[in-house]
*Asks:* 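Dumping the structure here so I can ask a few things about it.
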Amino acid sequence: MNSSFSTKKKVIRVCVDPEWMPFEGLINGKHYGISADYLSLFQEKLPIPLEVLETSSWQESLDAAKARRW
């Protein structure tokens, strides 16, 4: 990891499709699937936490991202 990495962000929030298994999904508020595995690998390399924004549909995820609802 490049030690010159700096950011003012305290957390990176991520929207996912809550019903798109096996790629990704939310089950009882927990992120599962292939993309969850990737996010875990990214988290190992990033100096700040990743947080999945819980939504009830893909459209709600898109709307939240567009509106920067964090």
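Keep in mind that the numbers below use all heavy atoms, side chains included, and drop hydrogens, waters and symmetry copies. Position 1 is the first residue of the sequence; numbering continues from there.
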*Asks:* Would you say the side-chain atoms of Glu24 pair up with the backbone N or O of Ser35, donor to acceptor, closer than 3.5 Å?
*Replies:*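 Between the backbone of Ser35 and the side chain of Glu24 there is no qualifying donor-acceptor contact (under 3.5 Å).
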*Asks:* Glu51 pairs by side chain to side chain donor-acceptor pair (under 3.5 Å) with which of His31, Lys10, Arg13?
*Replies:* Arg13
*Asks:* If you compare all heavy atoms of Thr55 against all heavy atoms of Ser61, which two are closest, and at what distance to 0.1 Å?
*Replies:*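 For Thr55 versus Ser61, the nearest heavy atoms are OG1-OG, 2.6 Å.
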*Asks:* Using the rule given for side-chain contact (heavy atoms from CB on, under 4.5 Å), can you reason through Val11 versus Ile48, listing the C-alpha separation, both sets of side-chain angles and the distance that settles it, and then say yes or no?
*Replies:* CA-CA 6 Å; Val11 65; Ile48 58 177; over 6 Å; no
*Asks:* Verify side-chain contact (heavy atoms from CB on, under 4.5 Å) between Val52 and Leu26, making sure each step is shown before the conclusion.
*Replies:* CA-CA 9 Å; Val52 175; Leu26 294 174; 4.0 Å; yes
*Asks:* If two hydrophobic side chains count as joined below 4.5 Å and joins carry through other members, does Val14 share a cluster with Phe23?
*Replies:*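 Yes, Val14 and Phe23 fall within the same hydrophobic cluster.
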*Asks:* Roughly how far, to the nearest 0.5 Å, is the CD atom of Glu54 from the CG atom of Asn28?
*Replies:*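 Going from CG on Asn28 over to CD on Glu54, the span is 9.0 Å.
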*Asks:* Is there a side-chain contact between Glu19 and Trp58, using heavy atoms and a 4.5 Å cut-off?
*Replies:* no
*Asks:* Locate the shortest heavy-atom distance separating Leu50 from Leu39; write the atom from each residue and the value.
*Replies:* CD1-O, 3.5 Å
*Asks:* What heavy-atom pair brings Ala64 and Cys15 nearest, and what distance separates the two atoms?
*Replies:*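 Smallest heavy-atom distance, with atoms named: CB-SG, 4.1 Å.
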*Asks:* Hey, quick one: are Val16 and Tyr38 part of the same hydrophobic cluster, counting side-chain heavy atoms closer than 4.5 Å, chains of contacts allowed?
*Replies:*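 As far as the 4.5 Å side-chain criterion goes, Tyr38 and Val16 are connected within one cluster.
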*Asks:* Any cation-pi pair here, Lys45 with Phe42, using under 6.0 Å and within 45°?
*Replies:* no
